[in-house]
Amino acid sequence: MSTLFDLPSEPGKYADLLDDLNPAQRAAVEHSGPPLLVVAGAGSGKTRVLTRRIAYLLAARDVHPGQIMAITFTNKAAAEMRERVGELVGRRANAMWVSTFHSMCVRLLRREAKTLEMSSNFSIYDADDSRRLITLVARDLDLDPKRYPARTLAAHISNLKNELLDAETAASKAANDFERRAAEVYGEYQRRLTQANAMDFDDLIMRTVELFQVFPDVAEHYRRRFRHVLVDEYQDTNHAQYTLVRELVGTKPTGSGVEPSELCVVGDADQSIYAFRGATIRNIEEFERDFPNARTILLEQNYRSTQTILSAANAVIARNPNRRDKRLWTSSGDGEKIVGYVADNEHDEAAFVAGEIDALADSGEAKYSDVAVFYRTNNQSRVFEEIFIRLGLPYRVVGGVRFYERREVRDALAYLRVLANPEDTVSLRRILNVPKRGIGDRAEAVVATHAERERLSFAAALRDAVAGKVPLLNPRSQRCIAGFVELMDGLHELVDSGTEVADVLEAVLERTGYRAELEESDDPQDASRLENLDELVTVAREFTEFADTVLEEQAEAEQEVDDAAGVPEPGSLPAFLERVSLVADADSIPSPDGEGGEEDSGVVTLMTVHTAKGLEYPVVFCTGWEDGIFPHMRALGEPAELAEERRLAYVAITRARKRLYVSRALVRSAWGQPMANPGSRFLDEVPAELVDWRRLAPSNGSGAGGGSPRAATTWGRRTGFGDDSAQAGVASRGMRTTSFKGWKDGWKDTVALKLDVGDRVSHDKYGLGTVVSTDGAGPRATATIDFGASGKVRLMLIGSVPMVKL
DNA sequence: ACTTCACGAGTTTTT
DNA sequence: CTCGTGAAGT
């Protein structure tokens, strides 16, 4: 790239962009030329570096905004980046591509649909849609759903796609029965996706890579255009995304002399917590090998937390093997000690957390919105909700079942999706008999068979059914199908006449009787379903309004329109669907300032540690730090998974700005059964002098979680539940009877059930087995046992293990 | 074709 | 315990 203004930058001229940065940050902003990896520790000003770098490119290096592509993982991150760049450079920011991997790919694929010989109005299938389609495929291939569960197949196929392997390659590489069958499913699944004019999330990436690799001229076109590529959260990229980035920037000049684009990636290997979804930490670890001449800059100064908190985080993460050393530091002082608490059970733990929040709020030390409570798994939120409700503590749970995953929302959207893409078989079959309209499994199967035999789409087969051209279809079903087709045709007319999305949605809810059915129901769940549908209508309404204002602005600014090809018209039905497919983010996270005026002290935020990544709070409660909970059971024997759990702990700790609490419970009910849990190994990794233990485990010389008679007496005088009989009943039922027994048995079992490799055991559930390996000692001892037909299982040997040594 | 019951499985999840 | 799926009954 050369411009008329290709002059060396004058020092001092861009002082406003640079002078409040530390030397490492400044180097990252000013760096020019070879690929750059910015290793950005938690709270080290990563977003600031990215946005400043973009502003600097524009101001000091005469880069045109249209030459910049900035890629993130979440819409939230993309929006934040766009906003912050906008603050620095104004409206010029609009010409940049700042988007998620997925929306960037959708945009490219819609533009280049012709090249790939597909239609630009393809549907986007999310995990649930693809699982449904895989269920259909597996059923058609007569696979035993026990041995080949759709979930597992879906995960396997997703992994293959993340590795850019197609069905044929997967088949040739298959090493066992499962992989062979999965490859078969993959092939058929892919065929059906194409037939439905649909792509799943993984396809979006994989097909874009294919686009670039099979059509070098297309790759060159975009490489010529995007001279600067920036990637956020690089540690979370999977292999397909890594390849995409490589293709985008290029590694050597093209035939027509286009040099590789300038690449800047930002990430932190210690915050890689999505390996289970295909993210591969190697991408960041091997960056310098992947991109020769690459430069690496380390950001270690932290602007978020106290030194106490950082020291704890450093100590924990340092235990991970094969890690590039990095030590966060701050100039802002030690601050408060970390507060530790060992609770008798999860209710006690929640009561402690609630009490502390209350005290902090009363003393004015913190507002509710300053506080976050983290847990490992969503089901742990329940105890907190129970007690928060009882105490009138305002809170909000983030995550769990998200808005766009709710059944009623998906049903409504499925109608819209069929209207936008009649070939979308998964959506069509979803709504075929929802609400019930007399088209049962039998009728559906008959139509599906007809479609298959005549090589018709399911939609076309339905029309054949109405015309009486489908054999074996009884007249009753035929009438019902005719009614359905008529209904859809009517809705189609609405869409064709340019009706607003929200009004189409209203028509769907009315004409199908969906709303009426919910209104008539006396199930309280259905009331909330109605609310969700109303919310969806509101979302649609706002979407159109927003699109209108954007269109006006664009008309005013006479913006370039070269990106418009294949891209849905703003505000249209396809645009709306694209948005809701790629934004699964409606349960927004409460703003740290609280929503309302000065009097409003906001709400406490409850979420999983995964959800917390990227956020920060003055006060953080890390709960449930028990071996088996956090680290999770499944990670206990797997070093790689344990390392990921430790990174998760690192993420949790580094969210805290001023005060950090860490707690665990001696006994926690899991699936109705009380479990005695030893303390998390991560707790032991926090230097003792950093922690002020408010309450310790009853000591009995047996180490963490040791059981003593005194532990039993403390159960009688728990805090928080004294006068609420219903709650106390719930809380104590498990403890006085089962739990007490379970606890004591667990204690004995810890001593009694000593297993060695080769021992034969008999388990109540899994039957006979042989010990394959053992790990840990005392209360955290585990054993991997091969139960033959029941598979290999890793079990904790503490608690009332329903197993005996033979 | 729809309802009811039993069973089993059950982390995390940016898109 | 709790939800979603699969087989039997009406």
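A, B, ... follow the sequence lines: proteins, then strands. Residue 1 opens every chain. What's counted below: heavy atoms across the whole structure, side chains too, no hydrogens, waters or symmetry copies.
- Taking atom CZ of A:Arg147 as the reference point, atom C1' of B:dA9 lies 19 Å away to the nearest angstrom.
- Separating the CZ atom of A:Arg407 from the P atom of C:dC3 is a distance of 12 Å, rounded to the nearest angstrom.
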Short N/O separations, protein against nucleotides 1-8 of chain B, under 3.5 angstrom:
unit_1	atom_1	unit_2	atom_2	d
B:dA1	OP1	A:Arg442	N	3.4
B:dA1	OP2	A:Ser477	OG	3.0
B:dC2	OP1	A:Gly438	N	3.2
B:dC2	OP2	A:Asn433	ND2	3.2

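- Here A:Arg207 pairs with A:Glu210 in a salt bridge; the nearest charged N to carboxylate O distance falls below 4.0 Å.
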Under 3.5 Å, which donor-acceptor pairs link side chains of residues 234-241 of chain A to any protein atom two or more places apart or in another chain?
unit_1	atom_1	unit_2	atom_2	d
A:Gln235	OE1	A:Asp268	N	3.0
A:Gln235	NE2	A:Glu233	OE1	2.7
A:Asp236	OD2	A:Lys613	NZ	2.4
A:Thr237	OG1	A:Tyr234	O	2.7
A:Thr237	OG1	A:Asn283	ND2	3.0
A:Asn238	OD1	A:Ala240	N	3.0
A:Asn238	OD1	A:Gln241	N	2.8
A:Gln241	OE1	A:Asn238	N	2.8

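- Here B:dT13 presents its C1' atom at 13 Å from CG of A:Asn238, a figure rounded to the nearest Å.
- A centroid separation of less than 6.0 Å is found between the aromatic rings of A:His610 and A:Phe276.
- Going from atom CZ of A:Arg668 over to atom C1' of C:dC1 covers 15 Å, rounded to whole Å.
- Between the side chains of A:Tyr650 and A:Asn320, no donor N or O sits under 3.5 Å from an acceptor N or O.
- Atom-to-atom, CG of A:Asp232 to P of B:dT15 comes out at 13 Å; the value is rounded to the nearest Å.
- Residue A:Arg277 places none of its side-chain N or O atoms closer than 4.0 Å to OP1 or OP2 of B:dT15.
- To the nearest angstrom, P of B:dT15 lies 16 Å from CG of A:Leu413.
- No side-chain donor from either of A:Glu578 and A:Ser581 sits under 3.5 Å from a side-chain acceptor of the other.
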Please write out the pairs of protein N or O atoms and N or O atoms of nucleotides 10-12 of chain B separated by less than 3.5 Å, giving the distance to one decimal.
unit_1	atom_1	unit_2	atom_2	d
B:dG10	N3	A:Trp671	NE1	3.2
B:dT11	O4'	A:His632	NE2	3.2
B:dT11	O4	A:Glu641	OE1	3.3
B:dT12	OP1	A:Asn378	N	3.3
B:dT12	O4'	A:Arg376	NH2	3.1
B:dT12	O2	A:Arg376	NH2	2.5

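- Here the P atom of nucleotide C:dC1 and the CG atom of A:Asn345 are 17 Å apart, to the nearest Å.
- Residue pairs meeting the side chain to side chain donor-acceptor pair (under 3.5 Å) criterion with at least one member in residues 428-446 of chain A, sequence neighbours excluded, are A:Asp411-A:Arg430, A:Tyr415-A:Arg437, A:Arg429-A:Glu444.
- In this structure B:dT11 sits in the syn conformation; its chi angle is within 90° of 0.
- Applying the salt bridge (Lys or Arg N to Asp or Glu O under 4.0 Å) test to A:Glu247 and every residue at least two apart in sequence or in another chain returns nothing.
- Contact between the side-chain N/O atoms of A:Arg131 and the OP1/OP2 oxygens of C:dT5 is found at a separation under 4.0 Å.
- When rounded to the nearest whole Å, the span between NZ of A:Lys161 and C1' of B:dT15 equals 14 Å.
- Shown here are the salt bridge (Lys or Arg N to Asp or Glu O under 4.0 Å) partners of A:Arg410, two or more places apart in sequence or in another chain: A:Asp126, A:Asp128, A:Asp129.
- Among the nucleotides B:dT15, C:dT5, C:dC1, the one closest to the side chain of A:Arg382 is C:dC1.
- At distances below 3.5 Å, not a single donor-acceptor pair connects side-chain atoms of A:Gln673 with backbone N or O atoms of A:Ala670.
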